[in-house]
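Computation of the quantities below employed the complete heavy-atom set of this structure, encompassing side-chain atoms and omitting hydrogens, waters and symmetry-equivalent molecules. Just so it is clear, the structure is predicted and the values come from calculations on it, not from any experiment.
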Amino acid sequence: QGRTRDAVRMGERGLEILRHALGAEHPTLLRSHDALAQALLADGQGAAAREHFERAVELAGIHLPEHHPSLLAPLLGLTEIELTAGESARAEVWARQALVVAADDAVDPLMRAEARWWLARSLAAQDRIDEARGEALAARAVAQEVGERGREISDEIDAWLGVIPRASG
């Protein structure tokens, strides 16, 4: 907990310095907002994290091509925040945007698996179990392709698949 708080303080200070030196619209601030949002999220400050993830997405829209891989982390962060807040439909929107970004060949396949996994959980929270299962299976397949690096997410999906109801029909 102490390290997380330290990361938040350092992130806030770093962002303040960069904003002062470069201006609030500088593209470098995209990564700074994302890093601070990640630290805030880890510290349990979802509302504050949302603000910085949204600012990172906004800056990406100004400075980067549409669907640039740098959008993926803030989009997944927004997905997590919305899903945690019980806003599964909003989480789905962010997850679907993340999945479009994750389709880029430059994106680590593990991040692609993570985007599908967040989408699966968003769908499940809306009781769209068949769709959720399909996304979870696709996420697991991608995670397994990357070998040991994908083991944690693959194991998490396997555990989830063990308790989620079977497909209807």
Assigning hydrophobic clusters by single linkage (Ile, Leu, Val, Met, Phe, Trp, Tyr; side-chain heavy-atom cutoff under 4.5 Å), is L64 placed with L59? yes

Mind checking whether L18 and H26 have side chains closer than 4.5 Å, heavy atoms only? no

Pair R19 + E16, salt bridge at N-O below 4.0 Å: no

From CA spacing to verdict: side-chain contact (heavy atoms from CB on, under 4.5 Å), L99, R116: CA-CA 7 Å; L99 201 53; R116 283 203 175 278; 3.4 Å; yes

So does R112 pair up with E145, basic N to acidic O under 4.0 Å? no

Among all residues two or more places apart in sequence or in another chain, which pass the ring pair (Phe, Tyr, Trp, His ring centres under 6.0 Å) test with W117? W160

Non-hydrogen atoms of P109 and V146 that approach each other most closely: CB-CG1, 3.6 Å

E25/R55 salt bridge by N-O under 4.0 Å criterion: yes

Can you give me the closest heavy-atom contact between A60 and L71, atom names plus distance? CB-CD2, 3.5 Å

Euclidean distance, T79 OG1 relative to R90 CZ, rounded to 0.5 Å: 11.5 Å

Is the shortest heavy-atom distance from the side chain of H63 to the side chain of L30 under 4.5 Å? no

Tell me whether M111 shares a hydrophobic cluster with V57, the cluster being built from Ile, Leu, Val, Met, Phe, Trp, Tyr side chains joined at under 4.5 Å. yes

Quick check on R31: does its CZ atom have over 12 non-hydrogen neighbours (other residues, nucleotides or ligands) under 6.0 Å away? no

Flag the pair H67 / D104 as yes when at least one side-chain heavy-atom distance between them is below 4.5 Å, and no otherwise. no

Non-hydrogen atoms of L15 and S32 that approach each other most closely: CD1-CB, 3.7 Å

I need the minimum non-hydrogen distance between A115 and L76, along with the two atoms involved. CA-CD2, 3.7 Å

For the atom pair CD (Q97) and CG (L119), what is the distance rounded to the nearest 0.5 Å? 12.0 Å

Quick one: does E131's side chain get under 4.5 Å of Q126's, heavy atoms only? no

Is a salt bridge present between R9 and E12, judged by a nitrogen-to-oxygen distance below 4.0 Å? no

Report the distance from atom NE2 of H20 to atom CG of L22, rounding to the nearest 0.5 Å. 11.0 Å

Does a side-chain heavy-atom distance below 4.5 Å link L72 with V107? yes

Does E82 come within less than 4.0 Å of R50, counting only side-chain N to carboxylate O? yes

Starting from the C-alpha separation in whole Å, work towards a yes-or-no answer on side-chain contact (heavy atoms from CB on, under 4.5 Å) for W118 and E135. CA-CA 9 Å; W118 279 111; E135 290 298 337; over 6 Å; no

Rounded to the nearest 0.5 Å, how far does CD1 of I153 lie from CG of L110? 6.0 Å

Can you name the nearest heavy-atom pair linking A73 to D34, along with the distance? CB-OD2, 3.6 Å

So among Q38, H33, E58, which one has a side-chain contact (heavy atoms from CB on, under 4.5 Å) with F53? Q38

Could you tell me the separation between the CD1 atom of I17 and the CE atom of M10, rounded to the nearest 0.5 Å? 12.0 Å

Between E51 and L40, is a side-chain contact (heavy atoms from CB on, under 4.5 Å) present by the stated rule, with each step listed? CA-CA 10 Å; E51 177 183 324; L40 288 162; over 6 Å; no

State the NE2-CG distance between H52 and L29, to the nearest 0.5 angstrom. 10.5 Å

Could you give me the CA-CA distance, side-chain angles and deciding distance for R133 and L137, then say whether side-chain contact (heavy atoms from CB on, under 4.5 Å) is met? CA-CA 6 Å; R133 179 178 284 282; L137 290 169; 4.0 Å; yes

When you measure from the side chain of S154 to the backbone of G150, do you find a donor-acceptor pair of N or O atoms at a distance under 3.5 Å? no

Path from I81 to L75 over hydrophobic side-chain contacts below 4.5 Å: yes

For R149, I'd like to know if atom CZ has over 12 heavy atoms of other residues, nucleotides or ligands within 6.0 Å. yes

Closest heavy-atom pair and its distance - S88, S122: CB-O, 3.7 Å

Under a 4.5 Å side-chain heavy-atom rule over Ile, Leu, Val, Met, Phe, Trp and Tyr, are W94 and V101 clustered together? yes

